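Step one of this worksheet: look at the structure below.
We number each residue from 1, following the sequence as shown. Because the structure is a prediction, the values reported are computed rather than measured.
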Amino acid sequence: SAPQRAGRAGLRGSAAKASGRCSPASSWYLALLGLAEHFRTSSPPKVRLCVHCLQAVLPRKPPARMEARTHLQLGSVLYHHTRNGDQARGHLEKAWLISQQIPQFEDVKFEAASLLSELYCQENSVDTAKPLLRKAIQISQQTPYWHCRLLFQLAQLHTLEKDLVSACDLLGVGAEYAPPGLFGLSHRKDFSFLYFFVENWQGNPIQKESLRVFFLVLQVTHYLDAGQVKSVKPCLKQLQQCIQTISTLHDDEILPSNPADLFHWLPKEHMCVLVYLVTVMHSMQAGYLEKAQKYTDKALMQLEKLKMLDCSPILSSFQVILLEHIIMCRLVTGHKATALQEISQVCQLCQQSPRLFSNHAAQLHTLLGLYCISVNCMDNAEAQFTTALRGCCNCGDHNFPVSSHCLRAAAFYIRGLFSFFQGRYNEAKRFLRETLKMSNAEDLNRLTACSLVLLGHIFYVLGNHRESNNMVVPAMQLASKIPDMSVQLWSSALLRDLNKACGNAMDAHEAAQMHQNFSQQLLQDHIEACSLPEHNLITWTDGPPPVQFQAQNGPTTSLASLL
C-alpha cells in the first residue's frame, strides 16, 4: 500500500504551490486555504470548519487549477475524516475530470486518481477502480513517482482478488520501468538473491533502510506463514533494529537524483505499526501471549494517533488484524468478556468499510465461533464456523498447505485428540509425540502445553501415574508461563486426581485449591461475558454485522462441562 506522500504536505503545501500563480486579487483563496489547514491540523481536527472553508472557494468560480485542487482537497478531507463517501466521491471525480484537461498538473491529477480508486475499492466497486488506475498508469509514464505508485496500487488490487498472475505482470512492468528497488523485490521469490540485492543497492540512507524493511517484512511473514517460529527470530530481530534506525532518519536529509526514488512503499510511521504487527503475530504463534498483548497495546496506541490525521485504509486493516490477534489472546488467557467487546469493535470497524468486511468476515465469524466454544454454546459455534467456511474465498479447497510446520503439528494434535476420544490410546500417543517433536523444534509453546496435558490425561486413564505426572507438571509450568487458562484448569484437575491416587494429601489439596481458583475466575468471566449485550452476536450468521445489541438478563449457558 503506497503512502499518501503527495498529500502529506497538507493544504498548506497546496497553498504554497498556488501562491506563485495567484494574482493579488486571489489572496482570498490563500486565506481560505490557510484557515482550512489550521482547522484540519487542530487537535482534534475541526473537520466541519475545514470543509466549510474549502467549500467557500467554489462559488467564486475560481480558475480551473484552483477548482480542481479544491475538489481534490475536499474529497481527500471527506474521505479521510468522515463517512460521507458520496460527497467525497463526487469531489474526487470532479478533480480527476478537470485536472485531465490541464497540462503539467500531475500532482492533482494522479492523487485524485489514486484516492478515487481507493474509495471505489472501499465501496466494493473494484471493477470501476481498475480501468481508472489503468488509464492513470497509461498517462503517468513521464511522472516516475506516480507511475510507480499507481502500478503498485493496481498490483495490490489484483493481489486482493487473488489474481496473482496479473499482479506479477504489473510488477514486471514496474521492474522494467524502474529496475532498482521495490519492483525487483516484489517480483522475486529467491531470498538469498533479494538479500544480496538489498545489501548491494546504492541509494540514499532512508531509501536503503526502507528497502531493507520491505525485504525483512517479506522474509518474516514468509517464515510465519510456514509456521517456523524459532527460525524467524534472527530476521525479526533484524527488522526491529532496522525500524529503530529508520525512525532516526529524516526524509529531507538527501534529495534523490532519480524522481522515482521519491516513492516509498509505506510512510515510516506506518512501517513502525507494521513491525509491531508482525511481532504480535510471532508472539501469538510462539505462545508468548503477554508479549503479544504488550506490543498490541503499543501498536493500537500509535494507530489512534495516526488516525487522527490520516485515515488511510491500511491503518484500519492493521487495526483489525491486531484486534483479531488480541481477541485470540483474551480467549486463551480467560478474558472472554473483553474478547467479546473487542469482537464488537471489529464489527464496528467493518461496518465503516464494505471492503474491510469482505476481507475479514470469515475471520470475524471464526473468532465468534471460538468465543462460543469458550462459553459452551456449541450449536452457535458450529453455525459460526459454517458461516466462516462459506465466506472463505477458497472454501472448496480443504487441503491444508503441507509446507506449514505449525499446521502440520496442529493436525497431528487434532488426530491425537480424535483418537483419545475414540479410546485408541496408543494411536493417540503416537500422534501426540509427533506433535511434541514438531512443536519443540519451532518453539510452539501452546501446542507443546496442550500435547503434554493430553498425554498426561492418557497416561492417567491407563493407570501410569508416574508417566502422567511427568507430562502434567511441565504442562502446568508452560501453561502458567503463557498463560493458558484452559490448560491450567485441565492440568490442575489432573494433578489433584493424580496426587489423590498416589496418596499425596497435601499436594492433592494444593492442586484442588488451584483448580478451584481457576474455576472461579472462569465462572466469573463466563457470567460477565454472557451478560453483555454483545453476547447476542453469537446468533449473527448472515449479512453485515448488527449495529445495536440488546442486553441479556443473565447467562444462558452452563460452565459445568468446562470444569
Considering residues at least two apart in sequence or located in another chain, which fulfil the side-chain hydrogen bond (donor to acceptor under 3.5 Å, both in side chains) criterion with Gln240? Thr279
Sole residue of Leu306, Leu303, Val275 in side-chain contact (heavy atoms from CB on, under 4.5 Å) with His270: Leu306
Under 3.5 Å donor-acceptor pairs involving side-chain atoms of residues 291-302, not counting sequence neighbours:
residue, atom, partner, partner atom, Å
Gln293, OE1, Arg330, NH1, 3.4
Thr296, OG1, Ala292, O, 2.7

Sub-3.5 Å donor-acceptor pair from the side chain of Asp443 to the main-chain atoms of Lys230, do we have one? no
Which side-chain N or O atoms in residues 479-486 pair as donor and acceptor under 3.5 Å with protein atoms at least two apart or in another chain?
residue, atom, partner, partner atom, Å
Ser480, OG, Met476, O, 2.8
Ser480, OG, Gln488, NE2, 3.3
Asp484, OD1, Ser486, N, 3.1
Asp484, OD1, Val487, N, 3.1
Asp484, OD2, Arg446, NE, 2.6
Asp484, OD2, Arg446, NH2, 3.4

By salt bridge (Lys or Arg N to Asp or Glu O under 4.0 Å), Glu209 pairs with (sequence neighbours left out) Arg212
Mind checking the OG1-NE2 spacing from Thr366 to His360? Nearest 0.5 Å is all I need. 12.5 Å
Apply the side-chain contact (heavy atoms from CB on, under 4.5 Å) test between His147 and each candidate in Leu150, Leu151, Thr143; give the one that qualifies. Leu151
I'd like to know if the side chain of Ser117 reaches the main chain of Ala129, judged simply by a donor and an acceptor atom lying under 3.5 Å from each other, with no hydrogens or angles considered. no
Sequence neighbours left out, what passes ring pair (Phe, Tyr, Trp, His ring centres under 6.0 Å) with His71? Give chain and number order. His91
Can you say whether the rings of His282 and Tyr288 are parallel (under 30°), tilted (30 to 60°) or perpendicular (over 60°)? tilted
With sequence neighbours excluded, residues passing salt bridge (Lys or Arg N to Asp or Glu O under 4.0 Å) with Asp86: Arg89
